[in-house]
Amino acid sequence: MSQKFQAPRGTNDIIPAPFQKDPIFEIHRWQFVEAQFLLNAWNYGYQEVRTPMFEDIELFIRSSGEASEVVNKEMYDFYDKGERHIALKPEGTAPVMRAFLEHGMGNLGTPNRLCYINHSFRYGRPGKGRYRQLHQLGMEIVGSASPFADAEIITATHDFFSRVGIDSARVMINCIGDFTARSKFSEAILDHISSYLSDQDTETRAKLERNPVRLLDTKESPLRAALQGLAPITDFISDESKANFDQVQAELTDSEIPFTIDPMIVRGLDYYNDTVFEFIDDDLEGLSLCGGGRYDALIEQIGGKPTPAAGVGIGLERLLLTLEQKQLKLEAPQIDSFIVAATEGARSQVRQLAAELRANDISCVIDIDDRNIKQQFKSADRTNAIYSLILGDDELKMNTVTIKNMATQEQHSIKQTELLDWLASSLVQDEDDE
RNA sequence: GCGAGUAUAGCUCAGUUGGUUAGAGCGCCUGACUGUGACUCAGGAGGUCGCCGGUUCAAGCCCGGUUAUUCGCCCCA
């Protein structure tokens, strides 16, 4: 392979199925999942927002927290020609909240329900389910402190997953309380693992001490062992947080969403408080499908008045990876027809018929390279057309068109005037069969 | 950012202890078939062996570097 250029490290081309060897990056899968996401979000009243691909880096430092790994070392940043310090967005929530403030969205009544589909960028080492350019589907509910908001986000996420065929994802929830609770908890953690810490070099120790809560979901077994017997964070949270958490659970139970309380769930971004959650699936080993929770302090941190909010970010690549692991069939859509010019004299009628079909939303492809009939059928096959429509001298004489079902090879002729009706009803039938 | 593996035709991969013109299957093109694709048969095209350098009479194979990719760690979507 002497090709000079390739997609940058950790990025992927999302292209039609026949060309893509990794099914996860077949375009029709993305189109399907995104369409289902928007439909589902719409059912809950969430409106799409599209924010720029880059922002002032300060937005992310303020919102995600300087200590967070994402800001600390995974930001894709640069200075533009105007000396502005820019970051490609590492996550979707902060930009949406920035837009929320910039356009005064809270001033026409709350809560606001917003959703997005976007690129995110993280300068990490790429691997399975980890990319430098990744895609997230997100929903945010802004302006409500109600535990019903938390439950709604989780329920909507659950509905979306079952819509695309994932019923096995487990909902893991936790309550991490407010800032005060977390700092008390942090002290308790450091205290609990003090003997483990004293065995570490200064660099590691500094890293651990910077954000002890993050240690909880570590996979390092000595550290895991050291954490054994630690009192759960729920011992440190306020009565109010506790009551809210109970309410969230009650609502999920009412909505028949099975969930598990996992006291080890923390989140990578510092802006969360109280309810946090993840969806995990056994087919996606070690990686979470999505993560979210409540972030009451975020909007204030980026310069707005205190506004409670909750949301979710879903990893699109991971979702598709899960679908692939489950071997869920997701066929590429087929072109309705390919019109074959059986004789040279039929070429102009073929173009006319094509125009007529397209005007009626029946997709069709025709030969534009003077290929012979054999090659045209080959093209029809490659186009993945459902029907070949054949026009030649015989058909023109009789005002008919010959229809060939490419899958069954069945072939018959009908009057040209009946073609549209015939196609309309046959194509609908095909859709129903799926 | 750290550790390990991989890189040969469009795709999936063979390639012996270094030895002359680097192979297979699938795909692609042409014909058998002058109004029929996916099946069958016959023929054909396609590779500076990821890139750069080194060792050697000789490198796809050995050594160093580099880039990409996979897996694990860190972290997260």
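The chains referred to below are lettered A, B, ... by the order of the sequence lines, with proteins before strands, and numbering in each begins at 1. Excluded from the calculations below are hydrogen atoms, water molecules and symmetry mates; all remaining heavy atoms, backbone and side chain alike, are included.
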Sugar-phosphate only, base, or nothing, as touched by A:F19 at under 4.0 Å among non-hydrogen atoms: nothing
Selection from B:U36, B:G3, B:A77 that lies nearest to any side-chain heavy atom of A:K404: B:U36
Rounded distance in Å between the C1' positions of B:G35 and B:C41: 23 Å
Pairwise C1' distance for B:G27 and B:G37, with rounding to whole Å: 15 Å
A:R122, nearest nucleotide to its side chain (from B:A77, B:G35, B:U12): B:A77
Sugar-phosphate, base or nothing in reach of A:K378, heavy atoms under 4.0 Å: sugar-phosphate
A:F259 six-ring face occupied by A:R170 cation (under 6.0 Å, within 45°): no
Distance, P atom - from B:C29 to B:C71, rounded to whole angstrom: 34 Å
Minimum heavy-atom distance between A:F121 and A:M53, given as atom pair plus value: CE1-CG, 3.5 Å
Selection from B:A77, B:U12, B:G3 that lies nearest to any side-chain heavy atom of A:L134: B:A77
Sugar-phosphate only, base, or nothing, as touched by A:G10 at under 4.0 Å among non-hydrogen atoms: sugar-phosphate
Nucleotide of B:A77, B:G37, B:U36 approaching A:R318 most closely (side-chain heavy atoms): B:A77
Closest nucleotide among B:C2, B:G35, B:A77 to the A:E395 side chain: B:G35
Check: A:Y295/A:Q301 side-chain N/O donor and acceptor closer than 3.5 Å: no
Aromatic ring pairing A:F236/A:F185, orientation class (parallel under 30°, perpendicular over 60°, tilted between): tilted
Rounded C1' spacing from B:C61 to B:U17 in Å: 11 Å
Distance-only donor-acceptor test, A:R130 side-chain atoms vs B:C75 base atoms, 3.5 Å: yes
Selected nucleotide, minimal atom distance to A:R382 side chain, candidates B:C28, B:A77, B:A68: B:C28
Check: B:U67 base within 3.5 Å donor-acceptor of A:Q6 side chain: no
Out of B:G37, B:C11, B:U69, whichever nucleotide has its closest atom nearest the side chain of A:R9: B:U69
Base of B:U70 paired with side chain of A:K128 (donor-acceptor, under 3.5 Å): no
